[in-house]
Amino acid sequence: MRLTQFTDYALRLLMLLAAEPDRRLTIQQVSEFHGISRNHLMKVANRLARAGILSPSRGRNGGLRLARPPEDVGVGDVIKASERDFALVGCMAGENCAIAPVCRLTGVLDGALAEFLASANRYSLADIVPDASAFRLPAVPEPL
């Protein structure tokens, strides 16, 4: 199993925000910091906001912030919100399989996936993020 680049970007974005949970960062700041396409990052932020993980705001003092404390954001929840396809084999994605009526593989893989997400959820963003001094965070622009 391999997580998508989308999930990688989601985790990087959230780790940066978790390093300073009281600060708002813009898409542009995060994009420049991580060297990630601004357009890709906008899609990531949008999905995380719809999942209730991010709190975006618009305007002069707008930006991105975690919707809840880093201790309350499970790594497994981020993965689940970011990944669109957990079909580990073709039949789980609806592909035709001659042995599907008698196969037990999908049950095994569903169980393994559930254990993977549960294991990831034993850790929060707070557990995986060093303190803010470990990051060279982008400067916050002064309001006009």
Side-chain angles (χ1 to χ4, degrees), residues 1-59 61-141:
M1 179 174 163
R2 181 179 176 138
L3 298 177
T4 62
Q5 188 175 53
F6 194 95
T7 298
D8 178 30
Y9 291 173
L11 288 166
R12 288 199 232 172
L13 166 62
L14 294 174
M15 288 173 70
L16 186 60
L17 293 173
E20 286 195 71
D22 296 327
R23 185 173 168 195
R24 289 195 180 276
L25 294 174
T26 66
I27 293 280
Q28 188 64 39
Q29 288 171 311
V30 177
S31 171
E32 289 172 6
F33 180 80
H34 282 302
I36 296 172
S37 157
R38 187 176 184 280
N39 289 337
H40 282 66
L41 201 53
M42 285 176 56
K43 292 174 188 175
V44 169
N46 187 323
R47 190 175 304 168
L48 293 173
R50 284 187 277 127
I53 297 171
L54 269 187
S55 176
S57 64
R58 294 180 180 217
N61 296 319
L64 302 172
R65 172 182 286 167
L66 294 175
R68 50 190 192 262
E71 302 80 28
D72 295 340
V73 180
V75 173
D77 293 335
V78 174
I79 293 169
K80 194 172 182 180
S82 302
E83 290 291 321
R84 285 290 193 208
D85 182 10
F86 282 108
L88 302 178
V89 291
C91 61
M92 293 173 85
E95 292 178 15
N96 191 23
C97 178
I99 61 171
V102 295
C103 182
R104 296 182 190 154
L105 178 61
T106 55
V108 170
L109 294 178
D110 279 339
L113 179 59
E115 287 181 39
F116 168 75
L117 292 172
S119 177
N121 264 338
R122 286 195 279 276
Y123 301 92
S124 70
L125 285 177
D127 294 322
I128 64 171
V129 175
D131 64 46
S133 65
F135 287 98
R136 289 194 178 125
L137 294 168
V140 176

For Thr4, give me all partners under side-chain contact (heavy atoms from CB on, under 4.5 Å), at least two apart in sequence or on another chain. Phe6, Thr7, Glu83
Rounded to the nearest 0.5 Å, what separates atom OH in Tyr9 from atom NZ in Lys43? 11.5 Å
Counting C-beta onward and ignoring hydrogens, is there a side-chain heavy-atom pair between Val44 and Ile36 closer than 4.5 Å? no
For Phe86 versus Ile79, what's the shortest heavy-atom pair and its separation? CZ-O, 4.0 Å
Spacing of SG belonging to Cys97 relative to CG belonging to Leu105, to within rounding of 0.5 Å: 8.5 Å
Check whether any side-chain heavy atom of Val129 lies under 4.5 Å from a side-chain heavy atom of Leu14, and answer yes or no. no
How would you list, by chain and number, every residue that makes a side-chain contact (heavy atoms from CB on, under 4.5 Å) with Ala87, sequence neighbours excluded? Asp85, Met92, Ala93
Donor-acceptor contact present, side-chain Arg65 to main-chain Ser55, <3.5 Å: no
In short, Ala120 meets Val75 closest at the heavy-atom pair O-CB, 3.4 Å
Leu48 and Ala10 have their tightest heavy-atom pair at CD1-CB, 3.9 Å
Shortest non-hydrogen contact between Asp77 and Ile53, atoms and distance: O-CD1, 4.2 Å
Indicate the atoms forming the closest heavy-atom contact of Met15 with Ile128, along with that distance. CE-O, 3.4 Å
Closest non-hydrogen atom pair, Ala45 against Leu64: CB-CD1, 4.1 Å
Is a side-chain donor or acceptor of Ser124 paired with a backbone partner of Gly74 at a separation under 3.5 angstrom? no
Could you measure the distance from the CG atom of Leu17 to the CG atom of Leu125? Nearest 0.5 Å is fine. 9.0 Å
Any chance you could measure Leu41, atom CG, to Glu32, atom CD, to the nearest 0.5 Å? 11.0 Å
Heavy atoms from other residues, nucleotides or ligands near CZ of Arg104 exceed 12 (cutoff 6.0 Å): no
Distance in Å, Ser31 OG paired with Leu25 CG, rounded so as to fall on 0.5 Å steps: 12.0 Å
Output for pair (Leu88 CG, Asp110 CG), nearest 0.5 Å, gives 8.0 Å
Mark yes or no for whether Arg50, through its side chain, and Ala81, through its backbone, hold a donor-acceptor pair below 3.5 Å. no
